Number of protein chains: 2
Amino acid sequence: METRTPRRRVARAERERQILDAAVAVFSGRGYQNASMDAVAEVVGVTKPVLYSHFGSKEGLLLACVARVRTELLDVTSAAAAAADGPEDMLRRGTLAFFDYLDAQKPAWSLLYSEASVSQAAAAALEEIRAQQTDFIAGLLAVQAPETAPQRLVGWAHVIVGACERLALYRGSAADGGPRMSAAEATDHLMDLVWTGLAHQP
Amino acid sequence: METRTPRRRVARAERERQILDAAVAVFSGRGYQNASMDAVAEVVGVTKPVLYSHFGSKEGLLLACVARVRTELLDVTSAAAAAADGPEDMLRRGTLAFFDYLDAQKPAWSLLYSEASVSQAAAAALEEIRAQQTDFIAGLLAVQAPETAPQRLVGWAHVIVGACERLALYRGSAADGGPRMSAAEATDHLMDLVWTGLAHQP
DNA sequence: GCGGTAACTTACCATCAGTAACTTTGGACC
DNA sequence: GGTCCAAAGTTACTGATGGTAAGTTACCGC
């Protein structure tokens, strides 16, 4: 005789957390496109307008997810870099932390690098993450090669950021049964080319 | 007194070309998401079912656009590489041709690298383009560094492909009024790090 | 206990991908 | 030149889904 479940009220902040958890899972699972707001709401156990009252729009919800991942990513990489001595070690540890985080948080990773580009705003947010990374790396390079023109440093930093991202995506999409490239190997390949090249600039 | 425009019939292949032109323009203009099939149809001057009779679905239309860009990109880069002598020159000329093509075909570029990731299938097609590039580059690297383990060569090739893509996106999204990085500069920055690094491997 | 506010739901609209059934055009063939 | 007829195209619809307005209910402070 079905006692219809009484409407449970939950504090706003807590509900927000629940929704973000569900959204990351649903968006990364089915893809942002195919994921309906109703599906997210159902996972949380509420109805659609609740999502809208918290995040305004589907895009707003995606943006909030991206922002959360951004924070986590920044935390983990800057913590790793802080433990290093010298620019090379900083780049190496930061890069390794980047790959490790993406390994540990697969849904977050796929949300960021596979789903975020659907919306203008989310793509812009992702671009800002990259800008942050680029600035940080350009700073490291400047310490290592102080004579170099800033524009060249920025170009190099973009090379490194792009390389990291591509390696991450390749690692993630390794469908072939072959042995997957480990985070340490990916870091090595990057440092091989990039840091060796940097060390031998005229 | 409005002579209502008589229904003009057009050969299938020609219509297909028209639709692809319109689709690239509309998709890259408003973004794939925000572009309705009706909007594409209106640009062509037909109605929606015509698009479906040619391409089956919105995703199918996107895929056809991506396939076309892929062919053009492959043509232009392999032509450039064919004119080179030795692996370094091949990589340099191929990279430069890549950047030049994206400069010349801005809508095609933005379609490929901003809009393609919305659909699973288009993302897979893009990934295949990257795989093609990676294989080609890994071949060049193998000539230059024949003692190196294949897996390492592949890792390096991914570094290069990712760097190219990132540099292209950075160049494209240069909103700041500053002097935009030229195709030649982008190529230089890439070769600086990557080829110099390669030349000094143990 | 008893308001009142904030959380939540029901019931709806508008847009757009996709489709079925019908109509017209232009070339082939005589 | 007339007459078919198959391909090219249109009208008119459905279903799914992002988004919203108005009403309902649970909890917190007094």
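Everything numeric in this text was worked out from a predicted model, so none of it was measured. Heavy-atom basis, side chains included; hydrogens, waters and symmetry copies ignored. We name chains A, B, ... by the order of the sequence lines, and we start the count at 1 in each one.
Residue A/Arg15 places none of its side-chain N or O atoms closer than 4.0 Å to OP1 or OP2 of C/dA6.
At least one donor-acceptor pair closer than 3.5 Å links the side chain of B/Tyr32 to the backbone N or O of B/Glu59. No donor-acceptor pair under 3.5 Å is formed between the side chain of B/Lys48 and the backbone N or O of B/Ser36. Although no hydrogens or angles enter the test, the distance criterion places a donor-acceptor pair under 3.5 Å between the side chain of A/Thr77 and the main chain of A/Leu74. At distances below 3.5 Å, at least one donor-acceptor pair connects side-chain atoms of A/Thr71 with backbone N or O atoms of A/Ala67.
For the pair A/Leu61 CG and D/dG19 P, the interatomic distance rounds to 10 Å; values are reported in whole Å. The interatomic distance linking A/Glu14 (CD) with D/dC27 (C1') rounds to 16 Å, in whole Å. Taking atom CZ of residue A/Arg9 and atom P of nucleotide D/dT24, one finds them 16 Å apart after rounding to whole Å. Between the P atom of D/dT17 and the CG atom of A/Leu62 lies a distance of 18 Å, rounded to the nearest Å. Rounded to whole angstrom, the span from the NE2 atom of A/His54 across to the P atom of D/dG19 amounts to 16 Å.
Under 4.0 Å is where a charged nitrogen must lie from a carboxylate oxygen, and between A/Glu127 and A/Arg70 no such pair does. Electrostatic pairing of A/Asp103 and A/Arg171 counts as a salt bridge here, judged by a charged N lying under 4.0 Å from a carboxylate O. The pair B/Asp21-B/Arg68 meets the salt-bridge criterion, since a charged nitrogen lies less than 4.0 angstrom from a carboxylate oxygen.
A heavy atom closer than 4.0 Å to some atom of DNA chain D occurs in A/Lys48, A/Pro49, A/Tyr52, these being the qualifying members of residues 40-52 of chain A. Near DNA chain D, defined here as any heavy-atom distance below 4.0 Å, the residues from residues 16-39 of chain A are A/Ala35, A/Ser36, A/Met37, listed numerically.
Among the protein residues, B/Ser53 comes within range of no part of the nucleic acid, since none of its heavy atoms lies under 4.0 Å from any strand.
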Begin from the C-alpha positions of A/Leu112 and A/Leu73 and carry the test side chain to side chain contact (heavy atoms under 4.5 Å, CB included) through to its verdict.
CA-CA 11 Å; A/Leu112 202 60; A/Leu73 201 49; 4.1 Å; yes
